[in-house]
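Input: a single structure, listed below in structure tokens.
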Amino acid sequence: MRTVNEKFSKEEITLKEFILKIVDWIKYLGSYWYVLLSLGIVGACCGYFYSKTKHVSYLATTTFVLETSENSGVGLSQYAGLASMVGLDLGGAGGGIFQGDNIIELYKSRKMIEAALLLPCKADSNKLLIDRFLANEKDMESWRGKDPAIKDRFRDSILMESVSRINQKYLNVAKPDKKLSIIKVDVTFVDEILAKEFNEGLVKEVNEFYIKTKLKKSLNNIAILEHKTDSVKKILNGSITSIAAIIDATPNLNPTRQAQRLVPSQKSQFSVEANKAILEHLIQNLELAKMNLLKESPLIQVVDIPIYPLQSFKVSKFSYILFSFIFFVFLGIFYFVLKRIIVDA
């Protein structure tokens with residue numbers, strides 16, 4: 001029983017010491033209240049002036065559905081072997097590069113962003129979108145007034161820096177739900193016109209890049225098939241003309257000289273039948289290739305586009321002031337605590 005009482009007594013003394021320590025630290029820091037308050041006021045002033053430099057930001061958003069061709073080629077699969085006989089690929093050419101997260105990286109690529117920046121501004125036909133972007137980047141604005149020769153020399157550097165900043169600060173491309181095929185493109189600028197037009201321009205450039213790349217093989221297939229079809233038609237027409245010419249060349253053929261007409265005629269007839277069969281297959285494959293082209297286009301179905309007025313947002317001045325006040329006070333507390341620990345050590 002005595003041991004238990006001693007144990008509780010020691011714990012009580014330890015708790016008292018802990019409370020006394022806290023009170024002592026409070027008194028110690030309280031002795032510097034005027035310093036901490038001064039730091040807080042300085043911080044609040046810094047927060048106020050910093051908030052004056054922050055402008056309203058505008059958000060332009062485009063959402064679209066990314067189609068996949070995983071199941072769309074079922075009806076054409078039975079003809080794949082037939083098409084391959086003439087060296088053609090009717091499969092979904094290039095579909096893989098636009099599936100999954102690859103298309104997100106495509107939106108962030110230098111090629112696409114540069115192409116969008118170099119589009120003319122609809123609100124001011126005398127300027128490009130990159131001119132409006134540079135006007136809002138104060139440290140880069142001086143490039144706009146440079147001599148054209150100097151400006152052209154550093155053109156690539158300007159574009160590279162612009163692309164880097166847009167990717168880091170102003171552009172966000174993501175899938176809101178990993179299970180869905182919806183992709184969201186957000187562009188945030190202090191310039192409302194730039195935010196909207198750059199967003200639209202970027203989506204436009206990606207769509208056009210898709211048309212040129214995704215459908216390239218299908219268009220080539222169609223061009224090859226049309227060329228082969230035209231060639232076979234010419235040969236077939238030539239063979240039919242040859243049969244008629246042979247008959248016309250021997251109008252009063254001697255019955256004992258049938259070989260003069262039959263041999264050339266049979267050769268031409270064989271050529272007609274053979275080219276007729278080839279032409280039928282080519283026409284069939286041509287129609288399949290056109291069907292496949294329709295199946296693959298379009299890939300991107302836009303759901304929502306940015307419209308004026310864009311969504312705007314800005315952190316309130318009070319939030320900047322309060323955060324800066326608390327931050328500077330905590331810096332002061334940290335300094336005095338560290339100072340006493342070093343002195344007592």
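Values below: every heavy atom of this structure, side chains too, minus hydrogens, waters and symmetry copies.
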* Considering residues at least two apart in sequence or located in another chain, which fulfil the side-chain hydrogen bond (donor to acceptor under 3.5 Å, both in side chains) criterion with Thr188? -> none

* Would you please name every residue forming a salt bridge (charged side-chain N to carboxylate O under 4.0 Å, His left out) with Lys108, sequence neighbours left out? => none

* Scan for salt bridge (charged side-chain N to carboxylate O under 4.0 Å, His left out) pairs involving residues 26-49, sequence neighbours excluded, and state none if there are none. => none

* Heavy atoms, side chains only, cut-off 4.5 Å: are Leu171 and Leu202 in contact? -> yes

* **Glu208/Lys204 salt bridge by N-O under 4.0 Å criterion** => yes

* Asked: Quick one: OG1 on Thr229 to CD on Gln284, what's the gap to the nearest 0.5 Å?
  -> 11.5 Å

* Less than 6.0 Å separating the ring centroids of Tyr107 and Phe64? -> yes

* To do: Output the distance between atom CG (Asp191) and atom CG (Leu129), rounded to the nearest 0.5 Å.
  => 9.5 Å

* **Nearest heavy-atom neighbours spanning Ala115 and Glu205** => CB-OE1, 3.5 Å

* Asked: Would Tyr58 end up clustered with Phe133 when hydrophobic side chains under 4.5 Å apart are linked, directly or stepwise?
  -> no

* Provide the closest heavy-atom pair for Pro309 versus Glu192 in the form atom of the first, atom of the second, distance. => CA-OE2, 3.5 Å

* Structure fact -> Interatomic distance, OG@Ser57 vs NZ@Lys169, rounded to 0.5 Å, equals 10.0 Å

* Does a sphere of radius 6.0 Å around OH in Tyr28 hold more than 12 heavy atoms from other residues, nucleotides or ligands, not counting ones at 6.0 Å or beyond? -> yes

* To do: Show the numbers, then the answer: is there a side chain to side chain contact (heavy atoms under 4.5 Å, CB included) between Ile193 and Cys121?
  => CA-CA 9 Å; Ile193 294 175; Cys121 179; 4.2 Å; yes

* Asked: Counting heavy atoms not belonging to Tyr308, are there more than 12 under 6.0 Å from its OH?
  -> yes

* Asked: How many angstroms lie between CD in Gln311 and CG in Leu59, if you round to the nearest 0.5 Å?
  -> 5.0 Å

* Should Ile333 and Tyr32 be regarded as members of a common hydrophobic cluster, given that ILVMFWY residues are connected when their side-chain heavy atoms come within less than 4.5 Å of each other, either directly or indirectly? -> yes

* To do: Answer yes or no: is there a side-chain heavy-atom contact under 4.5 Å between Asn167 and Ile113?
  => yes

* Should we count CD1 of Ile283 as having more than 12 external heavy atoms under 6.0 Å? -> yes

* To do: Answer whether the closest heavy-atom distance between the side chains of Val185 and Asn199 falls below 4.5 Å.
  => yes

* Asked: If Ile, Leu, Val, Met, Phe, Trp and Tyr residues are connected whenever their side-chain heavy atoms lie under 4.5 Å apart, and connections chain through other members, are Val329 and Phe323 in the same group?
  -> no

* **Derivation of the side chain to side chain contact (heavy atoms under 4.5 Å, CB included) call for Asp186 and Val173** => CA-CA 6 Å; Asp186 289 333; Val173 185; over 6 Å; no

* Nearest heavy-atom neighbours spanning Lys175 and Ile183 -> CG-CG1, 3.8 Å

* Closest contact, heavy atoms only, Ala195 versus Ala60 -> O-CB, 3.3 Å

* Asked: For Tyr48, does the OH atom sit with more than 12 other heavy atoms under 6.0 Å from it, leaving out its own atoms?
  -> no

* Are Leu118 and Leu106 connected in a single hydrophobic cluster, I mean Ile/Leu/Val/Met/Phe/Trp/Tyr linked by side-chain heavy atoms less than 4.5 Å apart? -> yes

* Mind checking whether Trp25 and Val23 have side chains closer than 4.5 Å, heavy atoms only? -> no

* Do Thr61 and Ile305 come within less than 4.5 Å of each other through their side chains, counting heavy atoms only? -> no

* To do: Scan side-chain atoms only and decide if Gln168 and Ser164 contain a donor-acceptor pair under the 3.5 Å cut-off.
  => yes

* Asked: Taking only residues two or more places apart in sequence or in another chain, which ones pass side-chain hydrogen bond (donor to acceptor under 3.5 Å, both in side chains) with Glu114?
  -> Arg110

* Asked: Any donor and acceptor pair, going by atom type alone, linking the side chain of Asp131 with main-chain N or O of Lys127 inside 3.5 Å?
  -> no

* To do: Take Ser157 and Met160 through the test side chain to side chain contact (heavy atoms under 4.5 Å, CB included) and record every step on the way to the result.
  => CA-CA 5 Å; Ser157 298; Met160 285 182 64; 5.8 Å; no

* Closest approach of Gly43 to Ser324 (non-hydrogen atoms, all atoms of both residues) -> O-CB, 2.8 Å

* To do: Identify whether the distance between the nearest side-chain nitrogen and carboxylate oxygen of Lys122 and Glu200 falls below 4.0 Å.
  => yes

* Can you establish whether the number of heavy atoms outside Ile22 located under 6.0 Å from its atom CD1 is more than 12? => yes

* Answer yes or no: is there a side-chain heavy-atom contact under 4.5 Å between Asp304 and Thr62? => no

* Residues in salt bridge (charged side-chain N to carboxylate O under 4.0 Å, His left out) contact with Glu161, at least two apart in sequence or another chain -> Arg165

* Asked: Can you find a pair of side-chain heavy atoms, one from Ser162 and one from Ile130, that are under 4.5 Å apart?
  -> yes

* Phe49 and Phe325: same hydrophobic cluster, using ILVMFWY side-chain contacts below 4.5 Å? -> no

Output a table of donor-acceptor pairs, distance under 3.5 Å, between side-chain atoms of residues 33-42 and any protein atom two or more places apart or on a different chain; print 'none' if there are none.
from: Ser38; atom 1: OG; to: Tyr34; atom 2: O; distance (Å): 2.7

* Please step through side chain to side chain contact (heavy atoms under 4.5 Å, CB included) for the pair Leu117 and Leu128, ending with a clear verdict. => CA-CA 7 Å; Leu117 284 173; Leu128 302 178; over 6 Å; no

* **Note, Leu119 side chain near Phe198 side chain (heavy atom, < 4.5 Å)** => no

* Asked: So, Asp24 and Arg340, do they make that salt bridge, N to O below 4.0 Å?
  -> yes

